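For clarity, every value in this text was computed on a predicted model and none was experimentally measured.
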Amino acid sequence: MLDIPLSALEVAMVQTGARAVDTLRDTAAFAQGVERLGYHRIWYAEHHHSPAIGAFPPVVLTAHAAASTSAIRLGSGGVLAPNHAPITLAEQFGTLAALHPDRIDLGIGRGPGTFDEAIARALRRGAGPTTDAEYEGDVAAILSFLVDEVALGPLPEPWLLASSTAGAALAARLGLPIAVAHHIRPDNTQAVLECYRAAFTPSRWCERPRVLVCVETVCAETDEEAAWRIGPMDVIKAGLLKGLSEIPFPTPADAAAHSFTEQERQALAGFRAQQAVGTPETVMNRLTQLAGETGADELMLTTPVYDLGDRIRSYELIKKYSEATAAP
């Protein structure tokens with residue numbers, strides 16, 4: 001039985017043949033649907049210059065969803081510190097927290113949010129990649145500004161996103177809860193958690209190690225239907241294996257017709273085995289296993305499927321199965 005909170009990561013995939021504005025409109029319907037189902041929180045990821053993912057600022061999506069819902073927690077997962085002035089992030093999320101008390105999270109990450117080096121430099125006003133020391137300074141400055149300059153009332157809940165032991169060490173040093181990107185680098189998950197828990201120092205933000213694990217999750221009535229729905233993401237991943245980052249998000253039919261090499265098939269199968277894809281029973285067994293292996297305090301599900309209705313249906317099937325199998 002899975003007895004920890006379940007949450008959602010919204011990546012805002014832009015469907016082939018659709019406009020980015022259509023995806024943007026879907027975000028409110030998604031937030032309302034996930035809240036209705038009883039999920040704990042929704043986070044929004046920062047991406048730039050991608051034909052498959054909308055370039056929607058997490059702070060804007062958080063504000064929009066907060067105005068469209070009433071209780072679910074909302075925030076960034078994550079906003080990328082090197083792309084923004086620390087005081088600006090503190091002001092933005094501090095204001096949201098004042099407007100929506102005890103509902104706002106500030107998940108902070110390091111990556112550029114794009115594979116295009118020119119776009120990354122534009123976001124950073126010509127600067128190159130951030131060093132470890134610069135990133136740590138940015139995160140510390142954001143936290144300091146939240147308390148010393150911005151505090152308008154309840155503060156946003158800060159989290160540090162990590163997929164490496166370097167990120168884990170920083171979260172531990174600053175005493176922050178950690179969100180582990182198992183959906184991106186599953187082979188690093190255990191090392192990240194071991195590093196974080198071994199070095200954790202309590203802070204005003206967190207008294208003990210606190211772990212959220214994000215897992216790619218697609219649930220459907222049958223395994224075949226789940227495989228159909230995850231097909232477009234398989235095409236995206238296969239492109240990344242080839243070094244191709246500018247790939248539109250295909251339809252499930254186009255994905256089913258895609259020709260994969262044997263090497264790609266093996267890589268995709270290996271990745272999928274570490275995520276949660278299949279029927280409600282299969283998915284819940286995998287999520288329960290992952291929670292046990294990681295000792296996670298919370299699981300965040302990211303469901304990159306083509307259709308909004310199918311995406312919400314995946315979350316619905318998981319919740320219904322969880323409630324049906326819960327101990328009385």
Side-chain angles (χ1 to χ4, degrees), residues 2 6-18 23 26 30 33-34 37 39 45 50-53 181-187 189 213-242 244-245 247-294 299-322 324-325:
L2 191 62
L6 295 177
S7 295
L9 174 65
E10 172 63 287
V11 181
M13 308 297 290
V14 178
Q15 305 160 348
T16 295
T23 299
D26 283 350
F30 177 77
V34 170
L37 292 170
Y39 282 81
S50 168
I53 303 174
H182 182 83
H183 66 302
I184 297 175
R185 299 178 69 182
D187 292 343
T189 297
V213 174
C214 188
V215 53
E216 188 171 274
T217 307
V218 176
C219 187
E221 281 82 354
T222 66
D223 288 330
E224 292 76 16
E225 189 173 356
W228 170 266
R229 292 181 184 177
I230 197 64
M233 200 61 195
D234 285 344
V235 175
I236 296 287
K237 291 192 184 83
L240 292 175
L241 290 172
K242 297 175 182 175
L244 304 175
S245 58
I247 302 174
F249 195 64
T251 67
D254 287 342
H258 184 84
S259 180
F260 296 96
T261 68
E262 184 58 32
Q263 183 180 9
E264 289 168 349
R265 291 184 186 281
Q266 291 179 7
L268 291 169
F271 179 86
R272 188 181 297 181
Q274 299 184 74
Q275 308 302 317
V277 178
T279 63
E281 181 178 10
T282 297
V283 166
M284 283 303 299
N285 286 343
R286 175 60 186 138
L287 293 177
T288 301
Q289 178 188 24
L290 185 60
E293 291 171 351
T294 61
L299 292 180
M300 179 166 277
L301 317 182
T302 181
T303 305
V305 302
Y306 187 83
D307 180 74
L308 172 65
D310 288 342
R311 194 156 76 250
I312 294 176
R313 179 60 173 160
S314 177
Y315 285 94
E316 181 182 20
L317 289 170
I318 292 166
K319 267 293 184 179
K320 284 185 175 180
Y321 188 87
S322 176
T325 57

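The shortest heavy-atom contact between Phe30 and Leu308 is CB-CD1, 3.9 Å. Nearest heavy atoms, Ala255 versus Pro232: CB-N, 3.5 Å. Heavy atoms only, all atoms of each residue included: Thr294 and Val213 are closest at OG1-CG2, 3.9 Å. Heavy atoms only, all atoms of each residue included: Val218 and Ala226 are closest at CG1-O, 3.9 Å. Residues Pro248 and Ile236 approach most closely at O-CD1, 3.5 Å, considering heavy atoms. Of all heavy-atom pairs between Pro304 and Phe249, the closest is O-CZ, 3.4 Å.
Under the 4.5 Å side-chain criterion, counting only non-hydrogen atoms from C-beta, Pro280 is not in contact with Lys320. The side-chain heavy atoms of Glu10 and Arg311, taken from C-beta on, include a pair separated by under 4.5 Å. No side-chain heavy atom of Thr325 sits less than 4.5 Å from a side-chain heavy atom of Met284. With a 4.5 Å cut-off on side-chain heavy atoms, Leu9 and His183 count as touching. You'll find the side chain of Leu317 stays beyond 4.5 Å of the side chain of Val283, heavy atoms only. Residues Ser314 and Asp310 fail the side-chain proximity criterion, which asks for heavy atoms closer than 4.5 Å. When side chains are defined from C-beta on, Leu2 counts as touching Leu299, because their heavy atoms get closer than 4.5 Å.
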Applying side chain to side chain contact (heavy atoms under 4.5 Å, CB included), run through Lys242 and Glu264 and close with a yes or a no. CA-CA 9 Å; Lys242 297 175 182 175; Glu264 289 168 349; 2.5 Å; yes
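Qualifying side-chain hydrogen bond (donor to acceptor under 3.5 Å, both in side chains) partners for Thr303, counting only residues two or more places apart in sequence or in other chains: Tyr315. Under the salt bridge (charged side-chain N to carboxylate O under 4.0 Å, His left out) criterion, Lys237 pairs with Glu216, sequence neighbours left out. Residues forming a side-chain hydrogen bond (donor to acceptor under 3.5 Å, both in side chains) with Thr279 (at least two apart in sequence, or on another chain): Thr282. Considering only residues two or more places apart in sequence or on other chains, Glu221 meets the salt bridge (charged side-chain N to carboxylate O under 4.0 Å, His left out) condition with Arg313. For Glu262, the side-chain hydrogen bond (donor to acceptor under 3.5 Å, both in side chains) partners are Gln266, not counting sequence neighbours. For Glu225, the side-chain hydrogen bond (donor to acceptor under 3.5 Å, both in side chains) criterion is met by Arg229, not counting sequence neighbours. Under the side chain to side chain contact (heavy atoms under 4.5 Å, CB included) criterion, Ala267 pairs with Leu241, not counting sequence neighbours. Applying the side chain to side chain contact (heavy atoms under 4.5 Å, CB included) rule to Ser259 yields no partners; only residues at least two apart in sequence or on another chain are considered.
Going from atom CG of Leu37 over to atom CD1 of Ile318 covers 10.0 Å, rounded to the nearest 0.5 Å. A distance of 4.5 Å separates OG in Ser7 from CE in Met300, rounded to the nearest 0.5 Å. The CG atom of Leu268 lies 10.5 Å from the CE atom of Met233; values are rounded to the nearest 0.5 Å.
Sorted by first then second residue, the salt bridge (Lys or Arg N to Asp or Glu O under 4.0 Å) pairs that include residues 249-259, not counting sequence neighbours, number zero. Note on residues 259-292: pairs passing ring pair (Phe, Tyr, Trp, His ring centres under 6.0 Å), not counting sequence neighbours, are His258-Phe260. Applying the salt bridge (Lys or Arg N to Asp or Glu O under 4.0 Å) rule to pairs touching residues 273-294 yields Arg286-Glu293, sequence neighbours excluded.
In this structure, the side chain of Gln274 does not engage the main chain of Val215 through any donor-acceptor pair within 3.5 Å.
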